[in-house]
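Take a look at the structure set out below.
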Amino acid sequence: MTTTAPATARKPATMAQALTRALRDAMAEDPAVHVMGEDVGALGGVFRITDGLAKEFGEDRCTDTALAEAGILGTAVGMAMYGLRPVVEMQFDAFAYPAFEQLVSHVARMRNRTRGAVPMPLTIRIPYGGGIGGVEHHSDSSEAYYLATPGLHVVTPATVEDAYGLLRAAIASDDPVVFLEPKRLYWSKAEWSPDTPTAVAPLGRAEIRRRGSSATLITYGPSLPACMEAAEAGRAEGWDLEVVDLRSLVPFDDETVCASVRRTGRAVVVHEAGGFGGPGGEIAARITERCFHHLEAPVLRVAGFDIPYPPPMLERHHLPGVDRILDTVARLQWESDWTEGRGA
Amino acid sequence: MTTTAPATARKPATMAQALTRALRDAMAEDPAVHVMGEDVGALGGVFRITDGLAKEFGEDRCTDTALAEAGILGTAVGMAMYGLRPVVEMQFDAFAYPAFEQLVSHVARMRNRTRGAVPMPLTIRIPYGGGIGGVEHHSDSSEAYYLATPGLHVVTPATVEDAYGLLRAAIASDDPVVFLEPKRLYWSKAEWSPDTPTAVAPLGRAEIRRRGSSATLITYGPSLPACMEAAEAGRAEGWDLEVVDLRSLVPFDDETVCASVRRTGRAVVVHEAGGFGGPGGEIAARITERCFHHLEAPVLRVAGFDIPYPPPMLERHHLPGVDRILDTVARLQWESDWTEGRGA
Amino acid sequence: MTVLEQPGSSRNKSSLAGPPPAWRPRVDPAPLLPDEEPYRILGTDAAARLDSGLLTRLYAQLVRGRRYNAQATALTRQGRLAVYPSSTGQEACEVAAALALEERDWLFPSYRDTLAAVARGLDPVQALTLLRGDWHCGYDPHEHRIAPLCTPLATQLPHAVGLAHAARLKGDEVVALAMVGDGGTSEGDFHEALNFAELWQAPVVFLVQNNGFAISVPLAKQTAAPSLAHKAVGYGMPGRLVDGNDAPAMHEVLGEAVQRARRGGGPTLVEAVTYRIEAHTNADDATRYRTDAEVETWRAHDPIALLEHELAGRGLLTDEFVATTRESAEQLAADLRERMNADPVLNPMDLFTHVFAEQTGQLRAQAAQLRAELEAEAAGHTEDTAGTAPAEEARP
Amino acid sequence: MTVLEQPGSSRNKSSLAGPPPAWRPRVDPAPLLPDEEPYRILGTDAAARLDSGLLTRLYAQLVRGRRYNAQATALTRQGRLAVYPSSTGQEACEVAAALALEERDWLFPSYRDTLAAVARGLDPVQALTLLRGDWHCGYDPHEHRIAPLCTPLATQLPHAVGLAHAARLKGDEVVALAMVGDGGTSEGDFHEALNFAELWQAPVVFLVQNNGFAISVPLAKQTAAPSLAHKAVGYGMPGRLVDGNDAPAMHEVLGEAVQRARRGGGPTLVEAVTYRIEAHTNADDATRYRTDAEVETWRAHDPIALLEHELAGRGLLTDEFVATTRESAEQLAADLRERMNADPVLNPMDLFTHVFAEQTGQLRAQAAQLRAELEAEAAGHTEDTAGTAPAEEARP
Ligand SMILES: Cc1ncc(C[n+]2csc(CCOP(=O)(O)OP(=O)(O)O)c2C)c(N)n1
Ligand SMILES: Cc1ncc(C[n+]2csc(CCOP(=O)(O)OP(=O)(O)O)c2C)c(N)n1
Ligand SMILES: [Mg+2]
Ligand SMILES: [Mg+2]
């Protein structure tokens, strides 16, 4: 999962460090950027992503709020109305739900409501997903809610480099961005150039993480490592798998995804969110609409089960792992013995 | 849109009347059934669905609550824990959002959390969708949020008869049911037998509303009338369209839907909710997974645009109408001139 | 020996003097509590000190407001408004809210507060755009510093707090005044907004119009508090209780709260006791939940009548003054009627224009689809049904 | 002439007597307000009237509680708990909450309140299931009438209100006691729950443990109120402020509130002033946001030490008594340690068992998929990695 940018002064960095750096650089560059949320001040956030910001920029720029998510997002709306660029931290996926009304009824609609007069340059950072042994309510994959809400951009990094680049792009965006941070990748490491961090990536472009010709694995955020691993393991089965990291769910990069699927003729969408009504359905449907005659097999999905997120000791059975991905690739009708009705 | 039950003492009734009757019968039969919400008492609800219930059963059984949706649903959770069967009215689709955390983090999970010890026999009635000239926040189609939430049943009637039968089934269910009432059909009429209302329908069964052989229109709730009309109008184009009314989004009736699509070989999913991340993606994806080799064309979708719901004077441009449905049916590759990339 | 005598611990120096002093932020609650009875000026000795100029100005605005409400309601009957929530009977609150603010300040109205926006100088047609149904907001909020009319109850309160806070951080002496109903105070957002406001010492004034009802639900089913103003103490904020039909009292109390906020004194919660004379909206049937007799007791406490009494006492209620006032109100109504009778010029393609700053490819494709449909429709209309659909509605 | 003199209207009988009398529900706020200082018994004259039996019972529970907290924290270090939010220093609140209730009553604990559940009689292993990570709730809530430990802050408060209300409607004299932290009072659900409770006169007691922090955020950034107990007046509810480290005071105040609720007197808000001696959880680093000196001032006001002082004064703190107490606590700890050291027996297929009353076809299919995978895995393990994975975790 290394990237292709020039390797000036690269050293190992974690995704968490890249995110912190992105916040710091954005705050240093633009005094309108304000970070706010629960415990983001002295503590630096429960994941330490805002570490040092209150000290460096003062408590007015990096503010410990009272414990009320609707209040946090609602006041951020007002701050954005006055020209600030709030970056809101929701402590965990499930604790963003109290702010749902503010998000859907205001954040997503303010620009449209006012015909562009009141933009919402808000970034809403949400650590999401499982795999870290979190107890109930600390591991939800809530992206389906956000991508079904017109007016929001929904972005999620899978690499250290992207964590920086996409967060900078999100904060720079004049539209609200739900920035989903894969918790389980916070401590993932990569060689990275913190001294000259990669220029801001434009939102809405997928990235091909691995070239291949037999089938395309389409994924994002927390599931990229499993897909990369599966692609490697797939070689033993004779498959040369391409891996597409969406990076942005909204806007959706039909071009990159469809070009890949047209080339390979087969696709599997992989994500941790529940399958039913999850992002995979949309992705599979739009690929099929656009690439029907190129498909050798239906687009299949590997997703979380349609159950409440499991307790820590059972979560490994829920998460899409390498085996489940490869089992699904195997069902892409390579032979003539396909029987319908085995779909997930 | 008439049904096939025996015609004893049938007279014209509206969907609103059938819903009121369902509540009344459920309350009369089971003293555990409690109706609660904003304005459900003396006023009978802003759509008058609870008309007369407070008078007949007393204010303790049909309760005007304070104006706080999280409080309404949250207290209903506690009431259900003590053995009651609360039927909660959310006044409009968008005004259910404040209760989102209670719904996702508690209502949907309580049974699972407690290994069955604390079931949630709750019905959450939500008038939804547009077409009634409502101003902002009064016309959302929010079903995508609910069907992506494991632990909830999601049900929506499209006919007068079903309004009664499905609401009785929802209230009788030992699981939480999000009961979506299509506002624009409240005043739709049908011949119906209010004296011997149809026995409770089981949840999770789709209904074929019109038999046909050329293609299947798959829809639910507010969009059924347009689909029926389109099917009629399609005859002029030489199409004999089948229309499936899902009635229940969760559980989803794969059997009925797939049997139909395998027969016709073509399918269009029609709903008012936004297309991106909406129910149609899931439905199209699961049909394709199950019926790939029966499909003559990709499953297409007719959905609301991916925009905040329009103001009343423009809503007709947003709603899936007969023309848009027929235009889409025309794109089901009847001829050989299909060009890919025209997908929505 | 004690249980706490354990290696590495030497805790037996227990203090019986109570919890350590820093256990909580200390504020004296007494000055935060509202008066027992709503503050009034009219009909009391204090009325004498009122400036006649203020009284006639308030009067003219109230009369215009009443006429505006009547006209807007009439427009619903003519199908020119989708819906109208009237503020008849509440004009003193609406007008005082507008007059309390300076130009640089911000108003955060709810759906019922178009009158406040109009009294602040907004074009009534723009104010009514949401309720007419041609767009969600009919004006540029930055132009008059009026936030969009807000429908989801109490959700605009945190916005007002955030805006006022941002202004303060930038060093601007801007005050935000946010309006909410008695029903809205039950929502979680009310609670969270007030808490944030006091913690941030945000220059914001919360005006609760307690008009007795949330649609059909009377105040007694909404709260068991001594008054809504008493809620303020739970946030360390002063609460004030005012007779919402006493225009000079409203004007004074809101003015003081705004000045206090501007000086850095922090937020205030003002409860205005008033009454919703009309039904919730034109679509509502108030006979289902209240008696005419109750409404009559409030008609007797009408804000305009109260002011007229005072003006008459001062000999200011001359026929000429009343006639001029009425005429100005009639002009407003006539202008509104006329302009609302014209069909709005709508462009369906606007549906896609402002979803994002930059249109996504997905929306461009959807816009193209709609444009094609409209063109086909227009062609069809020319052939068989030309003229039946308002042409401007279908103009791509 | 006046503007209101219009056809069909005869409103000029304006009343200057103020708004009509029925304008709001009237409650006298004075009795609702809490005392200025937290209520205490220990160290005051009132201590004399305390029953020695009660004191020794409380003491034994506090000591067990402290030991339980220490043991649970130790289990996190051994990887036997996923996380533990300790209630060290808050044992008086936890124990008093449990003792205030009768068997028929319900307790609504938060994640920090496993001790209250244990003091109420719940098996500690069951109480810790959520935090161990083998399931979300380790017990049948109906068995001990203890709601599942609640993590989303303040969301359990409306549940308690609803349950108490339902019980009252059914004629059962059941009281619900709901626990929440100082941070949790900022959430909208706190506001809505208290409002519903008073409106319904629900037999519920809200216990706020003000332990000074919400993770790293101190109370001064959470509220500017005179006290959290002052929030009660905004709902027409009595608020009581208590020294949360004074076990007999907590016991008395909660007992009174429960009795009041049971008698139909309605809900009470109790703020217990206490302190979180440990970090938020084992995963937290408290040195980032508070000083050791601050913690020391609170160690000096330790609930166990306070009680020991009183017991010693009565000559009850004999070595024998302390030894017995300590022994019982050690037994609890040893039993807990031993049972938590055994690997829990888990069945992954349970993931699908209780999503719905009746499994849907969709879930049956997914369950079948997992079962097949587990069988394949088990077969694989037998071949190459037998024994490395805990067998019971993979048992379909
Ligand atoms: C969150 C939310 N829930 C429900 C509604 C529906 N609704 C519109 S107005 C209203 C009553 C509001 O009463 P109040 O706050 O007293 O204001 P008033 O209408 O009296 O001015 C309700 C329930 C809404 N707009 N928003
Ligand atoms: C709705 C919600 N938001 C955020 C969190 C994350 N969180 C867990 S504990 C905590 C602090 C709670 O503080 P307080 O209410 O004072 O209780 P304490 O931990 O001190 O017992 C936070 C922010 C949560 N559990 N729920
Ligand atoms: Mg009101
Ligand atoms: Mg705390």
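Heavy atoms only: backbone and side chains are in, while hydrogens, waters and symmetry mates are out. A quick note: this is a predicted structure, and the numbers were derived from the prediction, not measured. Just so we're on the same page: letters track the sequence lines, and every chain starts at 1.
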> Of the listed residues (D:A357, D:G138, D:C137), which shares the most heavy-atom pairs with chain B below a 4.5 Å separation?
Replying inline: D:A357
> Short question: side chain of D:H354, backbone of B:N112 - any donor-acceptor pair under 3.5 Å?
Replying inline: no
> Contact part of B:E69 toward chain D, heavy-atom cut-off under 4.5 Å: side chain, backbone, both or neither?
Replying inline: backbone
> Counting heavy-atom pairs under 4.5 Å to chain B, which of D:D172, D:L363, D:L157 comes out on top?
Replying inline: D:D172
> Looking at D:F108, D:W106, D:W135, which makes the most heavy-atom pairs under 4.5 Å with chain B?
Replying inline: D:W135
>> Report which part of B:A76 has an atom under 4.5 Å of a heavy atom belonging to chain D: side chain, backbone, both, or neither.
In response: neither
> If you count the non-hydrogen atoms of other residues, nucleotides and ligands that lie under 6.0 Å from CZ in D:R104, is the total more than 12?
Replying inline: yes
>> Is there a side-chain contact between B:P251 and D:Q359 in this structure, where contact means two heavy atoms from C-beta onward sitting under 4.5 Å apart?
In response: no
> Under 4.5 Å between any side-chain heavy atoms of D:P158 and B:V77, yes or no?
Replying inline: no
> More than 12 heavy atoms of other residues, nucleotides or ligands under 6.0 Å from CD of D:E102: is that the case?
Replying inline: yes
>> Closer than 3.5 angstrom, by distance alone: can the side chain of D:K170 be matched with the main-chain N or O of B:L84 as a donor-acceptor pair?
In response: no
>> Please classify the contact between B:H34 and chain D as side chain, backbone, both or neither, with a heavy-atom cut-off of under 4.5 Å.
In response: side chain
> Between D:E192 and B:G71, what is the shortest heavy-atom contact and its length?
Replying inline: OE1-N, 2.6 Å
> With a cut-off of 6.0 Å (strictly less than), are more than 12 heavy atoms of other residues, nucleotides or ligands near CD of B:E255?
Replying inline: no
> What residues form a ring-ring contact (aromatic ring centres under 6.0 Å, His included) with B:Y97, not counting sequence neighbours?
Replying inline: A:F100, B:Y145
> Is it the side chain or the backbone of B:D60 that comes within 4.5 Å of chain D heavy atoms, both, or neither?
Replying inline: both
>> For the interface with chain B, which of D:C150, D:A167, D:A164, D:A202 has the highest count of heavy-atom pairs at distances below 4.5 Å?
In response: D:A167
>> Taking CZ in D:R145 as the centre, count heavy atoms belonging to other residues, nucleotides or ligands within less than 6.0 Å. Is the count above 12?
In response: yes
> Checking D:D140 against chain B: side chain, backbone, both or neither under 4.5 Å from a heavy atom?
Replying inline: both
> Closest heavy-atom contact between D:P152 and B:H106?
Replying inline: CG-NE2, 4.2 Å
> Under 3.5 Å, is there a donor-acceptor pair between the D:Q362 and B:D254 side chains?
Replying inline: no
> Out of B:V250, B:I72, B:L73, which one racks up the most heavy-atom pairs below 4.5 Å with chain D?
Replying inline: B:I72
> Can you tell me how far the OG1 atom of D:T151 sits from the CZ atom of B:R113, to the nearest 0.5 Å?
Replying inline: 8.0 Å
> Do D:H165 and B:T75 have side-chain atoms, one donor and one acceptor, less than 3.5 Å apart?
Replying inline: no
> Which atom pair, heavy atoms only, marks the closest approach of D:A147 to B:M81?
Replying inline: CB-CE, 3.9 Å
> Of the non-hydrogen atoms in D:H142 and B:A117, which two are nearest, and what is the gap between them?
Replying inline: CD2-O, 3.3 Å
> Side chain, backbone, both or neither: which part of B:M110 has a non-hydrogen atom closer than 4.5 Å to chain D?
Replying inline: side chain
>> Any heavy-atom pair between the side chains of B:Y82 and D:L169 that's under 4.5 Å?
In response: no
>> A side-chain contact here means heavy atoms from C-beta on lying under 4.5 Å apart; do B:R115 and D:H136 qualify?
In response: no
> Which region of B:S173, side chain (C-beta onward) or backbone (N, CA, C, O), has a non-hydrogen atom less than 4.5 Å from a non-hydrogen atom of chain D, or is it both or neither?
Replying inline: neither
> Can you say whether D:L130 sits under 4.5 Å from chain B via the side chain, the backbone, both, or neither, judging by heavy atoms?
Replying inline: neither
> Are any non-hydrogen side-chain atoms of D:F356 and B:D174 less than 4.5 angstrom apart?
Replying inline: no
> Considering all heavy atoms of both residues, which atom of B:A66 and which atom of D:N195 are nearest to each other, and what is their separation?
Replying inline: CB-ND2, 3.7 Å
> In terms of heavy-atom proximity below 4.5 Å to chain B, should D:E358 be classed as side chain, backbone, both, or neither?
Replying inline: backbone
> Hey, does D:T155 have a side-chain heavy atom less than 4.5 Å from the side chain of B:Q102?
Replying inline: yes
>> How long is the straight-line distance from NE2 of B:H153 back to OG1 of D:T360, given to the nearest 0.5 Å?
In response: 7.5 Å
